[in-house]
There are 2 protein chains.
Amino acid sequence: MQPLSQPTPPDFEARARILKALAHASRLLMVDELSRGERCVCELRELVGHDLSTVSKHLSVLKAAGIVEDDKRGKQVYYRLKVPCVLNFFHCLEGVLAGRK
Amino acid sequence: MQPLSQPTPPDFEARARILKALAHASRLLMVDELSRGERCVCELRELVGHDLSTVSKHLSVLKAAGIVEDDKRGKQVYYRLKVPCVLNFFHCLEGVLAGRK
DNA sequence: TCCACGCTTGGCCTTATAGCCAAGCATAAA
DNA sequence: TTTATGCTTGGCTATAAGGCCAAGCGTGGA
């Protein structure tokens, strides 16, 4: 899976990593939910309806990408959106969808 | 790889598909280039420095997602950005990058 | 102190992605 | 009509991603 040459500029690699983190329906669903306030993992789990371990891994992907941050309070871990601007992009996405009709 | 329940709303699936199409350094590089005008496959090939077949497949991913459109003129196939608003998002991405420091 | 709860991590399996090469196909030039 | 050019497609291999289960770990309540 290695290219034969010509590294793509690091900028694009970095951007791609962020987009990749967002590029999953469950993760988008959680980001959307987090746009309305912080949530604990168990709430997100209920939202996406997958195994807790799966949800936790999705969250760690978002966290590693710098999109969310977490914070442990008592027994629960709360996640919140670190970068609200991702939401703006969704309007653009709708445009793409509409354009394809 | 199938969930055990609860389908995520179709909206999120659709959005995720678009993000996934963008979530690759070579494809971002090409989108960036196309933001400055249409290009033939051979120009994009030179830009990303991969095998022609690889570039062609990347373009078909972008096309299937509705992000670019193509048009054959003579022996060449020209691609252009169908959805310029994707570029706006890049500013947001920079923000994420900066925020992670 | 010990158990229960909430979450994360490791392991495993299955499927999807990305790369190359080779073959195919369509158009233009010879 | 043949050949060359420009691109796409099929096939293959290697790696990454996404799901579950089971085990681990830390905190709070009994």
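Residue numbers begin at 1 in each chain, while the letters A, B, ... track the order of the sequences.
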Would A/M30 and A/V55 satisfy side chain to side chain contact (heavy atoms under 4.5 Å, CB included), going step by step from the backbone distance to the final call? CA-CA 9 Å; A/M30 294 193 287; A/V55 172; 4.0 Å; yes

Counting only side-chain N and O atoms of [X], is one of them less than 4.0 Å from OP1 or OP2 of [N]?
X: A/T54; N: D/dC20; result: yes
X: B/H24; N: C/dG19; result: yes
X: A/R45; N: C/dG6; result: no
X: A/Y79; N: C/dT8; result: yes
X: B/H58; N: D/dC7; result: no

Does any pair with a residue in residues 21-32 of chain A pass salt bridge (Lys or Arg N to Asp or Glu O under 4.0 Å), and if so which ones, sequence neighbours excluded?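 Passing the test, one end in residues 21-32 of chain A: A/D32-A/R36.
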
Identified side-chain contact (heavy atoms from CB on, under 4.5 Å) partner of B/L62 from the options B/D70, B/L34, B/I67, B/L81: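 Exactly one candidate clears the test, B/I67.
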
May I ask you to say what B/R73 touches in the nucleic acid, namely base, sugar-phosphate or nothing, with a heavy-atom cut-off under 4.0 Å?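 No contact.
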
If you go through the side-chain atoms of B/K20, does one of them form a donor-acceptor pair with the base of D/dG18 closer than 3.5 Å?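 No.
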
Counting distance alone, no hydrogens or angles: does the base of D/dC21 have a donor or acceptor under 3.5 Å from a partner atom on the side chain of A/S53?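 Yes.
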
Any donor-acceptor pair under 3.5 Å from A/E46 side chain to A/E43 backbone: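 Between the backbone of A/E43 and the side chain of A/E46 there is no qualifying donor-acceptor contact (under 3.5 Å).
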
If you assign each of A/K72 and A/S60 to its closest nucleotide in DNA chain C, which residue comes earlier from the 5' end?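 Looking at the nearest nucleotide for each, A/K72 comes out on the 5' side.
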
Nearest-angstrom distance from the residue atom [atom1] of [X] to [atom2] of [N]:
X: B/L22; N: C/dT17; atom1: CG; atom2: C1'; value: 16 Å
X: B/M30; N: D/dC7; atom1: CE; atom2: P; value: 13 Å
X: A/L59; N: C/dT9; atom1: CG; atom2: P; value: 11 Å
X: A/K75; N: C/dA4; atom1: NZ; atom2: P; value: 11 Å
X: A/D51; N: D/dC20; atom1: CG; atom2: C1'; value: 6 Å
X: B/L19; N: C/dA16; atom1: CG; atom2: P; value: 19 Å
X: A/K63; N: C/dT8; atom1: NZ; atom2: P; value: 8 Å
X: A/D70; N: D/dT27; atom1: CG; atom2: P; value: 13 Å

Between B/L52 and B/K57, which has a closest nucleotide on DNA chain D that is more 5'?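 Closer to the 5' end of DNA chain D: B/L52.
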
With A/E69, which of A/K82, A/R80, A/K63 fulfils side chain to side chain donor-acceptor pair (under 3.5 Å)?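 In the set A/K82, A/R80, A/K63, the residue that makes a side chain to side chain donor-acceptor pair (under 3.5 Å) with A/E69 is A/R80.
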
